[in-house]
Number of protein chains: 2
Amino acid sequence: MVETAPTAKRGTARERLLRAAEELFYCEGINTTGVEAIAARAGVTKATLYNNFRSKDQLVAEYLRGKLEKSRAAAHEYDDPHAPASARVAALFEDVERTIEQGDFHGCPFTKAAVEVPGNADAMAVVREHYADIVGHLTAVTGDAASADTIAMIYDGAMIAAKASGDAAPIARAKTAAVGLLDPR
Amino acid sequence: MVETAPTAKRGTARERLLRAAEELFYCEGINTTGVEAIAARAGVTKATLYNNFRSKDQLVAEYLRGKLEKSRAAAHEYDDPHAPASARVAALFEDVERTIEQGDFHGCPFTKAAVEVPGNADAMAVVREHYADIVGHLTAVTGDAASADTIAMIYDGAMIAAKASGDAAPIARAKTAAVGLLDPR
DNA sequence: TGGTAAACATACCGGTCGGTATAGTGGCAG
DNA sequence: CTGCCACTATACCGACCGGTATGTTTACCA
């Protein structure tokens, strides 16, 4: 509908396409975003999009992989391996809180993809990879796989609640609950 | 695509449309199901659909309301107000486990709707109503609003994990974790 | 029996979808 | 200078989208 000003024209066509795809898929939804809109936002034609990606499905999978790498990079930044477990668990939630405060939170991209394109096998593989990431990280932090699994579920549930209510409060409550799970005593 | 055998022709056109909408919206997705397919499955024409519903958006909202009422009815069935809190919390998860065993689990319809049609205000209102239901029920059961909130998040997170992994195991783990939250001692 | 309302079948509307084809253009490397 | 390749622009494909308009048939009820 709205032509949406193209993002900065830096980088190769491929990079711009992936950046445009991320913005549109994440903010507007995957099924509701057409390839035409992505190409336009990248300042590129549809033909160029199909020169760089086999299909929309592949573009979706690569968008998700980019999100996965970004979340890994972010974890490296905010996680302090020398901090106590409670602080490290809290950091996971505080990262989401910061995102919400900045106003660019639109729910968990992996949960959304699992709902929107469950038939895209490549995309679903990335979704599972992300879940394994979170549980793995939390297992390393807490030293307890069962706690890690529970906290991961709280984490996902909190993001849904935050999205549905349009409020950051669920994240704060989830953080408290998750930290409370550690060393019940 | 596939013409899908029409469901039993019992009831009024409106009832059949809602039943068809539930099956298709829930199993195939909301945005990926066209009004034509719903009408066909109900054994009815598109004109009849629009005689009974103002728009697709309204049909979506009414489908969700139906799901809400069904989940309330189910809760009335499986919940025993005289049972101990742990059993009542467990019952919530065991209901999901039964659904998965029967093979007709496709994720939480409310979470899915929040992702697929966040712009449908009527639908989103039902989503929030459902969340309030769950938290309210759990608050009554546990006598503790904070625990109720945490368990609700575990509940939602577990359904995502179950959907993404195609496995009922996350629900069982979530049940254990939720029950473990009660009277930590 | 006659009237009414609902559901019928069909066709159409403008728009968008993912994807392809064709032809031309610019810059860079040999 | 030339050949090549990524890119451009544009137009098209068949399919489907949500929604509307038409006239006909069916069934029930006064």
Side-chain angles (χ1 to χ4, degrees), chain A residues 1-4 6-22 24-25 27-64 113 116-123, chain B residues 1-4 6-22 24-25 27-64 113 116-123:
Chain A
M1 200 161 296
V2 192
E3 270 309 317
T4 62
T7 42
K9 300 235 174 187
R10 326 223 156 191
T12 67
R14 187 166 215 281
E15 288 165 349
R16 275 182 284 145
L17 280 163
L18 277 173
R19 192 160 47 227
E22 176 179 342
L24 293 175
F25 283 155
C27 301
E28 315 286 339
I30 295 174
N31 285 330
T32 54
T33 297
V35 291
E36 193 94 59
I38 294 170
R41 172 145 208 169
V44 144
T45 59
K46 203 162 41 154
T48 301
L49 189 157
Y50 280 96
N51 276 343
N52 286 275
F53 301 93
R54 211 175 308 122
S55 63
K56 184 186 182 182
D57 273 357
Q58 196 211 329
L59 180 56
V60 169
E62 296 217 23
Y63 141 71
L64 271 187
E116 292 195 87
V117 289
N120 184 332
D122 291 344
Chain B
M1 203 161 295
V2 194
E3 269 311 316
T4 63
T7 41
K9 302 235 174 187
R10 327 223 157 189
T12 67
R14 187 166 215 282
E15 289 165 346
R16 276 182 284 143
L17 279 164
L18 277 172
R19 192 161 48 226
E22 177 180 341
L24 293 176
F25 283 156
C27 301
E28 314 287 340
I30 296 174
N31 286 329
T32 54
T33 297
V35 291
E36 193 94 59
I38 294 170
R41 173 145 207 165
V44 142
T45 59
K46 204 160 44 152
T48 301
L49 188 156
Y50 280 96
N51 277 342
N52 286 274
F53 302 93
R54 212 174 310 119
S55 63
K56 184 185 182 181
D57 273 357
Q58 197 213 329
L59 180 56
V60 169
E62 296 217 22
Y63 142 71
L64 270 188
E116 292 195 86
V117 290
N120 184 332
D122 291 345

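Letters A, B, ... mirror the listed sequences (proteins, then strands); counts begin at 1. Small disclaimer: the values here were computed from a predicted structure and weren't measured.
In this structure, the CD1 atom of B:I38 is 14 Å from the C1' atom of D:dC16, given to the nearest Å. Atom CG in A:N31 sits about 14 Å away from atom C1' in D:dC16, given to the nearest Å. If you measure from atom CG of A:N120 to atom P of C:dG18, you get 13 Å, rounded to the nearest angstrom. Between B:E15 atom CD and C:dA7 atom P the separation is 11 Å, expressed in whole Å. One can place CD1 of B:I30 at 16 Å from C1' of D:dC17, the figure rounded to the nearest angstrom. Rounded to whole Å, atom C1' of D:dT20 lies 18 Å from atom CZ of B:F53. C:dC8 atom C1' lies 18 Å from atom OH of B:Y50, rounded to whole Å. When rounded to the nearest whole Å, the span between CG of B:L17 and C1' of D:dG18 equals 15 Å.
Residues satisfying the side-chain contact (heavy atoms from CB on, under 4.5 Å) criterion with A:A21, sequence neighbours excluded, are A:F25, A:I38, A:L59. Taking B:N51 as the reference, nothing meets the side-chain contact (heavy atoms from CB on, under 4.5 Å) condition, with sequence neighbours excluded. Qualifying side-chain contact (heavy atoms from CB on, under 4.5 Å) partners for A:T45, counting only residues two or more places apart in sequence or in other chains: A:A47, A:T48. Qualifying side-chain contact (heavy atoms from CB on, under 4.5 Å) partners for A:T32, counting only residues two or more places apart in sequence or in other chains: B:N31.
Within 4.0 Å (heavy atoms only), A:T33 reaches sugar-phosphate atoms of the nucleic acid but no base atom.
Within the structure, salt bridge (charged side-chain N to carboxylate O under 4.0 Å, His left out) contacts touching residues 53-62 of chain B (residues at least two apart or in different chains) are B:R14-B:E62.
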Legend entry - nucleotides 4-14 of chain D: protein proximity per nucleotide (B base, S sugar-phosphate only, - neither; heavy atom, under 4.0 Å): ---SBB-----

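Contact check for B:F53 versus B:V35: no side-chain heavy atoms found under the 4.5 Å cut-off.
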